[in-house]
Asks: 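One structure is given below, represented as structure tokens, and several questions about it will come after.
As a basis for the values below, the full set of heavy atoms in this structure was taken, side chains included, without hydrogen atoms, waters or symmetry mates. Everything numeric in this text was worked out from a predicted model, so none of it was measured.
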Amino acid sequence: MYRFIWLKDLKAAVHTWKGLVWLLVTALIFSAASYLFLTNRELSLLDQTEMLWLLGKVIIGAALLVTVIDASSLITAEFENETIESLLLSPLSLGGLVLGKLLAALTTWLVVYAAAAPYMVVTAAGSRLTGAFLVYVGLFGTLAVLGFTLLVLAVSFFYRSLRNTLTTSLVILLALALPALFSPVLKTSTLARIAGVANPLDSIFAGLDNVLVDYHTGLAANLGFLVPVLVFCVLALGFLMLSVRAFQRRGIAKD
Amino acid sequence: MAGVISARAISKSYGDRKAVDGLDLAVEGGAFFGFLGPNGAGKTTTIRMLTGVLRPDSGTITIDGHDSRDRQHIASVIGVVPESRGFYDWMSGEEYLDFFAALYRIGDRARAVRQLLADVGLADRGGTAIGTYSRGMKQRLGLARALVNSPRVLFLDEPTLGLDPQGQEDVQQLLKRLNEGGVTVFYSSHLLHEVAHLCSVIAVINRGRLAAVGTLAELQRQTDSEDLRDIFMALTND
Amino acid sequence: MRRNLLPLVLVAGILYAQASTPLPLVVSIRSERALSGVAGEYITLEAEVVNVGTQPINSVTTYLSLVDVGARMPVDLEDWSAEKGLFIGTITAGETLPLVWKVHLIRSGDYTASVVAEADGADLPVVSRVTYLKALPKRNLNPGNVLPVALGEPILLVFGFLLLRFWRTRKLRPD
Ligand SMILES: Nc1ncnc2c1ncn2[C@@H]1O[C@H](COP(=O)(O)OP(=O)(O)O)[C@@H](O)[C@H]1O
Ligand SMILES: [Mg+2]
């Protein structure tokens, strides 16, 4: 069941150009970033490993932005185009619908990751970190995308409109990304540090730093950075289940 | 006698507004049932509850002997042309029906899709993107989707709205054929003349309550008038 | 006079030796005075420890110490070297033992390296002279690698999309 929803949304991404445009946008962001690393005088003074860390941040950041925007329309488009009723009338379960949408979002991430892979390989050349770079950007990125997609889907069932869902999701994403953008400056206060422990994005970027700059490439050495991200995913899943349950109670008509 | 569709004292409110208020309905198997009411009477709300996409605040519904919360069973026996008429515009008509045939676990999908397109008169446009369809063509496609699982009970929420006379005639002929083949039809409309020449039984709903139910002759007797317009006004005036 | 003083001097000497006589050990770094490498690489630091005394020395431990000259901070060696310290055990009189550290240059910068030796019962460790260690930043991002991808991938994608579009319009019949 969920398979057909997944497939439909993948086809929609290709046939409506939506997905293709996003893919091109991310590729251009990666091109711009790696070109800057080569030519910008200050950036090109960085260590290669620090540059990899920056590129890892760019990749995960761009992927999150794209998947959040993309996932925001997965459920809300069915409401706004009034196609949801025909889906709910079919033998498809609500769980199947959500699973299909989730897989569609994760596929978008997979494609963005595949587009990023060549950039990762060429920038990591000669650093002995190519494998670790690919693995950890993949691991951290997948978990982050999973958590945010669950959150976006939960918000979608709540609002049923693209505009509100997109606004709310982007505000959450930016709020969590803000500390990472100003990292060295803000980390000094204890409050910022406590917030940092709970912030999945902070944890991801610290984890990448641990792998790329400090050469701690073993999984055991990075479990501490994975835990906050996993907690975030579990919380988002709980929120989604509540939101779906509330939708089921209210039914298709919104009052 | 429970009938194929049976609703007991169902109610639904949106906030303070009572959209459906203690409605009782019983539809026999094989009937062509007209569900008549002015705009805002509660037709769509009732159909949504009967088809399981909206939970009544109170009351019970059974379709084909199953409680309306048994969604899997109900989905397999009913077909619905709902009020909301969204389509995936980027798909072709064929792709659209194939998608729903897959959701309904239809075996030979290619054959089923071809048959459905022929049934609703879209055979020559099946390969075109839905975005290029006229309103009437979309309506036919919606009807084809409602028939994808060969339903025993068909719900239609104002299915001829926005169709030209030829389109209305086509749809009604198709429904008659299906009814003659044993399909129970639940036909909602705000036009008495449409219901009058199609339906074996007519229920009139007004402000969420049942105003009258019976054959056309019974309604005429009840309101003491022959004229369709007068009957409608008499039953829906408060 | 002198003879009378001798026991006294001896006692004082013994007391002094117990308190702070330097170990008769000499530690020296045998690698060049200034080592350098590119961040991310491994370099080998060779040193030796010699017992210049007349008695064997027990339980000798040597360890490497790195100071970041720029930051004026000792470096946490955990990441830099698998074995920070080397336990030597007993060194017999006159014996010379080689010491080798494999150092991973984690972060670019200027460092000083020194080797310290300690032994049981000695208050003062012995330290080698410092050797300068320069970890050059690795910035050989090879334009020959990066540019083809940075330019090629977007071009390939656009080309792919046009192909897909062509295929789709052919599949969807026009009305
Ligand atoms: N989603 C909704 N939120 C609030 N009120 C609604 C909603 N849907 C319908 N209503 C109200 O409920 C009443 C019945 O509506 P509806 O069932 O759509 O009637 P009909 O289909 O007969 O035109 C109307 O007064 C309508 O305004
Ligand atoms: Mg209606």
Asks: Pull out the residues in residues 178-203 of chain B that come under 4.5 Å of chain C, heavy atom to heavy atom, sorted by number.
Replies: none
Asks: What's the spacing between Leu172(C) CG and Glu94(B) CD if we round to 0.5 Å?
Replies: 9.5 Å
Asks: Taking ring-ring contact (aromatic ring centres under 6.0 Å, His included) as the test, write out the residues that go with Tyr96(B), two or more places apart.
Replies: Phe87(B), Phe100(B)
Asks: Please check if atom CZ in Arg168(C) has more than 12 non-hydrogen atoms from other residues, nucleotides or ligands closer than 6.0 Å.
Replies: yes
Asks: Does atom CZ (Arg109(B)) have a neighbourhood of more than 12 heavy atoms from anything else shown, all under 6.0 Å?
Replies: yes
